[in-house]
Asks: 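Starting off with a structure, shown below.
Below, all heavy atoms of this structure are taken into account, side chains as well, without hydrogens, waters or symmetry copies.
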Amino acid sequence: GTQGTIKGLTSEQVQALGAEIILGNTYHLANRPGTEVFDEIGGLHKFEAWPRNLLTDSGGYQMVSLCKLAVFTEEGVEFENPHDKSRMLLTPEKSIQYQNSI
């Protein structure tokens with residue numbers, strides 16, 4: 001999910017449906033709640049109480065879907081956070097760092 005949740009279902013309900021894997025969106029999770037939260041509690045598995053597989057994306061899709069909030073540079077893509085207007089530079093290295101935290 002975009003904020004570490006599956007809207008309308010508990011982790012137990014998703015498991016009961018037979019889901020073996022769920023997706024976490026790197027860009028959105030790095031913005032909110034933030035990688036510091038995941039570092040502190042031990043990752044998205046614990047945050048969501050999800051015992052099965054997780055897949056994270058690179059955050060690259062947001063280059064297209066949020067292009068109005070993005071500035072493209074040689075180093076990476078700088079996004080404006082739609083919630084608080086702060087800036088986030090997403091480089092390949094940062095994407096991997098964020099995914100490791102998540």
Asks: Mind running side chain to side chain contact (heavy atoms under 4.5 Å, CB included) on Thr73 and Glu78 for me, showing each step along the way?
Replies: CA-CA 8 Å; Thr73 70; Glu78 186 176 41; 5.5 Å; no
Asks: Taking all atoms of both residues into account, what is the closest heavy-atom pair of Gln99 and Thr26, and its distance?
Replies: CG-OG1, 3.2 Å
Asks: Between Leu54 and Glu48, which heavy-atom pair has the shortest distance, and what is it?
Replies: CD2-OE1, 3.7 Å
Asks: Counting only heavy atoms from other residues, nucleotides and ligands, does the tally under 6.0 Å from CD of Gln13 exceed 12?
Replies: yes
Asks: Where do Leu29 and Thr56 land on the side chain to side chain contact (heavy atoms under 4.5 Å, CB included) test, with the steps shown first?
Replies: CA-CA 10 Å; Leu29 291 171; Thr56 56; 5.6 Å; no
Asks: Which heavy atom of Ser101 sits nearest to which heavy atom of Asp39, and what is that distance?
Replies: OG-OD1, 2.8 Å
Asks: Is there a path of hydrophobic side-chain contacts, each under 4.5 Å between heavy atoms of I/L/V/M/F/W/Y residues, joining Ile96 to Ile102?
Replies: no
Asks: Kindly compute the distance separating CD (Glu36) from CZ (Phe38), expressed to the nearest 0.5 Å.
Replies: 10.0 Å
Asks: Over all heavy atoms of both residues, which pair between Ala70 and Val77 is shortest? Give the atoms and the distance, please.
Replies: CB-CG1, 3.6 Å
Asks: Examine distances only and state if a side-chain atom of Thr35 and a backbone atom of Ala30 form a donor-acceptor pair shorter than 3.5 Å.
Replies: no
Asks: Output the distance between atom NE2 (His28) and atom NE2 (His83), rounded to the nearest 0.5 Å.
Replies: 7.5 Å
Asks: Does one side chain, of Gln15 or Ser11, offer a donor that lies under 3.5 Å from an acceptor on the other?
Replies: no
Asks: What are the two closest heavy atoms between Tyr98 and Leu89, and how far apart are they?
Replies: OH-O, 4.4 Å
Asks: Under the salt bridge (Lys or Arg N to Asp or Glu O under 4.0 Å) rule, collect the residues that match up with Glu80, sequence neighbours excluded.
Replies: Lys85, Arg87
Asks: What pair of heavy atoms forms the shortest contact from Tyr27 to Asn81, and how long is it?
Replies: OH-CA, 4.3 Å
Asks: Within the supplied structure, the quantity of interest is the number of heavy atoms (other residues, nucleotides, ligands) at a distance under 6.0 Å from Gln97 CD; does it exceed 12?
Replies: yes
Asks: Please answer: with hydrophobic residues joined when any side-chain heavy atoms are less than 4.5 Å apart, are Leu90 and Val71 in the same cluster?
Replies: no
Asks: Taking C-beta and beyond as the side chain, do Trp50 and Val14 meet within less than 4.5 Å on heavy atoms?
Replies: yes
